Every structure is written in structure tokens, then in C-alpha cells.
Amino acid sequence: MKVVGVRRFGGPEVLEVFDAPEPHAGPGEVRIRVHAATVNPGDRDMRIGAVALAAPAPPYIPGMEAAGVLDEIGPGTATRLRTGERVMAMVMPNRREGGAYAEYVVLPADWVAAAPAGASHAQAATLPMNGLTARQALDLLDLAPGQILAVTGGAGAVGGNVVQLAKADGLEVVADCAPRDADLLRSLGADLLVVRGDDVADRFLEAVPGGVDGLLDGAVIGTSRLVRAVRDGGGIAAVRGEVPDRARAVEMNRRRITPHMVNVPNSLGDQRRMAALRHAAESGALTLRVAKTLPAEQAAEAHRMMEAGGTRGRLVLTF
């Protein structure tokens, strides 16, 4: 089968197409014939050697989200899915078998869920990891309908999902954005918009005097720079970021602000959340945004585009 991976770590140019043995599903596993795999920032981290890998030898295969057709069910595997069904999955590329940049991936059966009805493979591939990240962040913040959520990186893949899911939860949303993304954020449901930047906390406070009830840092600005925008007793969630220094931690404790770190691998196998995300996509409450599709052979170009920034939605490789 065809896979895209790296023999050595470095820039986008190290991504190559390889031939690899075709895997088969064992007990408790299913196999997906992959038609689409997203390109995420975590793929870059793997490409440059910034994550520990369980694979004993190259090629090391990136890819954290896949969609395609379930074509094999391992012996004795319990699953409601059937062969021939369109499916989607989050994939952990640091495992021995590698990630989603492959024509076939074998996964634990509970990592795989039915794709949203009517979605293309490319659209379905954008949902598992980004949707679970957004859903986990909102669940950690645990805001009640009518409360106010601030979002940085609202035009991004995770941030956009957070905006739409928060609106479906009945929250009021204030999001940061560049002027060119204002119409997009309004279409996703943001109630208030502020200009993005490292000092966006000041603009959140201008928009919501007294502070927001919760904040999701999708742009990875950092808890230390953003916490002043959160009211006493509120919460702040980060998808990545620094550990607050001692002085900031003391301040947050004094103000009873709860920090949350989103760890999306904790949601692997969470079929309840995956089903909820699928229904949100099918109902139109959640938009599956594909920035561009490229053939797998152009993975290096896709990584260059991702690193250049400015894409809205996910870049997707097709197999």
C-alpha cells in the first residue's frame, strides 16, 4: 500500500511516498480504506521529530484524522459498523503502526465511528480530532446557557468548531479575528468580534466588562496573557500552552480561576461524543470546513501551506 512518511526529520521536503505492507485487522480491530487524511499542526511536530515515536524504524507516518470506507473487521471484534460503511476516526500517529497518511489503517474498533450522512470523505476527515478537541474544551469549562465564552483563534479549525458548538449549547460567544475573517465568524455564530493579537485580553474586557465566564485559547496565545479577561470564579482552557509561572498561578488561585488543559487522546473511543458530533454536522449546527484537497503525493506542499498560515478549515490529503 501507499503511505506518506519520513525517513529523517526536517522541513516539508522530507515527506516521501513509500510502499508498505498492507495491514489486516486483528481481534478488536477494524481496517479503513482511507480516502482522506487531514493535515494538522501535530503532523508538523511529528515531521520535525518533536514527539516520541513507538515505531521501531522509519518511515514514520504522520496523520491524526482519517475518513474512508470500513473494509475489514477483525475476528471476534464487537462493532455496530459494517464493511462498506463510510467512517471516520482519530488516529494516534506516535503508535507503532503510525498515523493516517496511508491507504489503509488498522485501528481499535472503538476509535472508529460512522461518518456524517451526506459528507464527503474530505469533510468527514476534518471532524474527529478537531471536533473532539472542541467538545472536550467546552465540557471542561462546563458553562451554563447564557454564560459568555471568549475564543481565540475563532477562524481556525478548532476555534470555529468551538464557536458553533458553544452556540448550540446556548452560550454567548465573543471571538477574536482578523478583519478578513469577520464575515466567517459571524456566519459561524459569534455574537461579538474583537481584533486579534497578543493583547486581545484587553479587547475581550472592553467587550465584556468584568470578564468572560470562560475562555478557550485556540490560538495558543498563552494563559498568562489571557487570564485577566476571565472573571473571578471563571475558567480558561488551552489546547496547548505554557504552564503559568508561580506568580500567575497564585493570582489564578486567589481569583478562583480554574485552568484546564485539553488532552484530546483522552477522548479516544468516546463513541458518545463522536455520535453527538456526527449529529451536529448532519443537522448543520457544525460546519465541516475543507480549505483545500491535495493528492497524497503533494503532502510536502500541504505542509508548506499549513505552515504559511492563513488557511481557513483543514487541508486534506486524498488517497
Side-chain angles (χ1 to χ4, degrees), residues 40-42 45 129-144 146-167 169-182 184-186 188-264 266 309-310 312:
N40 286 280
D45 294 340
M129 188 188 70
N130 293 294
L132 285 170
T133 301
R135 185 68 264 168
Q136 189 183 124
L138 289 168
D139 291 347
L140 287 169
L141 289 168
D142 194 24
L143 301 181
Q147 289 191 293
I148 301 175
L149 172 73
V151 180
T152 69
V158 170
N161 283 352
V162 169
V163 171
Q164 290 192 297
L165 291 174
K167 292 305 298 178
D169 289 349
L171 305 181
E172 298 294 310
V173 177
V174 51
D176 72 344
C177 71
R180 69 184 179 92
D181 292 322
L184 169 62
L185 265 296
R186 292 190 187 99
L188 297 177
D191 299 284
L192 293 171
L193 300 178
V194 301
V195 177
R196 69 179 184 177
D198 288 345
D199 57 350
V200 71
D202 294 331
R203 290 184 285 282
F204 282 144
L205 280 172
E206 291 171 4
V208 186
V212 298
D213 299 296
L215 189 149
L216 182 282
D217 183 19
V220 198
I221 292 172
T223 297
S224 296
R225 289 178 171 176
L226 294 171
V227 69
R228 66 181 182 275
V230 180
R231 66 163 175 81
D232 292 359
I236 184 167
V239 295
R240 288 182 294 164
E242 92 290 358
V243 176
D245 61 29
R246 180 175 176 80
R248 188 67 68 183
V250 168
E251 176 194 351
M252 292 174 68
N253 184 62
R254 176 181 60 79
R255 295 180 56 206
R256 297 173 291 108
I257 294 174
T258 305
H260 303 280
M261 181 58 68
V262 179
N263 184 9
V264 72
N266 289 344
R312 295 295 173 252

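Small disclaimer: the values here were computed from a predicted structure and weren't measured.
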Are the side chain of Gln164 and the backbone of Gly189 linked by a donor-acceptor contact shorter than 3.5 Å? no
Mind checking whether Ile257 and Glu251 have side chains closer than 4.5 Å, heavy atoms only? no
If every non-hydrogen atom of Phe204 is compared with every non-hydrogen atom of Ala175, which pair is closest and at what distance? CE2-C, 4.3 Å
Taking the side chain as every heavy atom from C-beta outward, state whether Glu206 and Val194 have any pair of such atoms under 4.5 Å apart. no
Ion pair present between Asp232 and Arg255, side-chain N to carboxylate O less than 4.0 angstrom? yes
Got a second to check how far Asp202's CG is from Arg228's CZ, nearest 0.5 Å? 4.0 Å
Whether Arg135 and Asp169 form a salt bridge (side-chain N of Lys/Arg under 4.0 Å from carboxylate O of Asp/Glu) is what I want to check. yes
Non-hydrogen atoms of Gly214 and Leu141 that approach each other most closely: CA-CD2, 4.4 Å
Minimum heavy-atom separation for Cys177 to Leu193, with atom names? SG-CD1, 4.2 Å
To the nearest 0.5 Å, how far apart are CZ in Arg186 and CG in Leu188? 11.5 Å
Nearest atoms (heavy-atom pairs only) where Ala207 meets Val174: CB-CG2, 4.3 Å
How about CZ on Arg203, more than 12 heavy atoms from neighbouring residues, nucleotides or ligands closer than 6.0 Å, or not? yes
Side-chain heavy atoms of Lys167 within contact of Asp191, under 4.5 Å: yes
Hey, what do you get for CE (Met252) to OG1 (Thr258), rounding to the nearest 0.5 Å? 8.0 Å
Answer with yes or no whether the side chains of Asp176 and Thr152 bring together a donor and an acceptor at under 3.5 Å. no
Search all heavy atoms of Leu149 against all heavy atoms of Ala166 and return the closest pair with its distance. CD2-CB, 3.7 Å
Between Ala134 and Val162, which heavy-atom pair has the shortest distance, and what is it? CB-CG2, 3.5 Å
Reported CZ-to-CZ distance for the pair Arg231 and Arg256, which is rounded to 0.5 angstrom: 8.0 Å
In this structure, CG of Asn161 is separated from CG of Leu138 (nearest 0.5 Å) by 10.0 Å
Look up atom CG in Leu216 and atom CG in Leu226, then write down how far apart they are to the nearest 0.5 Å. 10.5 Å
Please step through side chain to side chain contact (heavy atoms under 4.5 Å, CB included) for the pair Asp217 and Thr223, ending with a clear verdict. CA-CA 8 Å; Asp217 183 19; Thr223 297; 5.6 Å; no
Mind checking whether Val173 and Val151 have side chains closer than 4.5 Å, heavy atoms only? yes
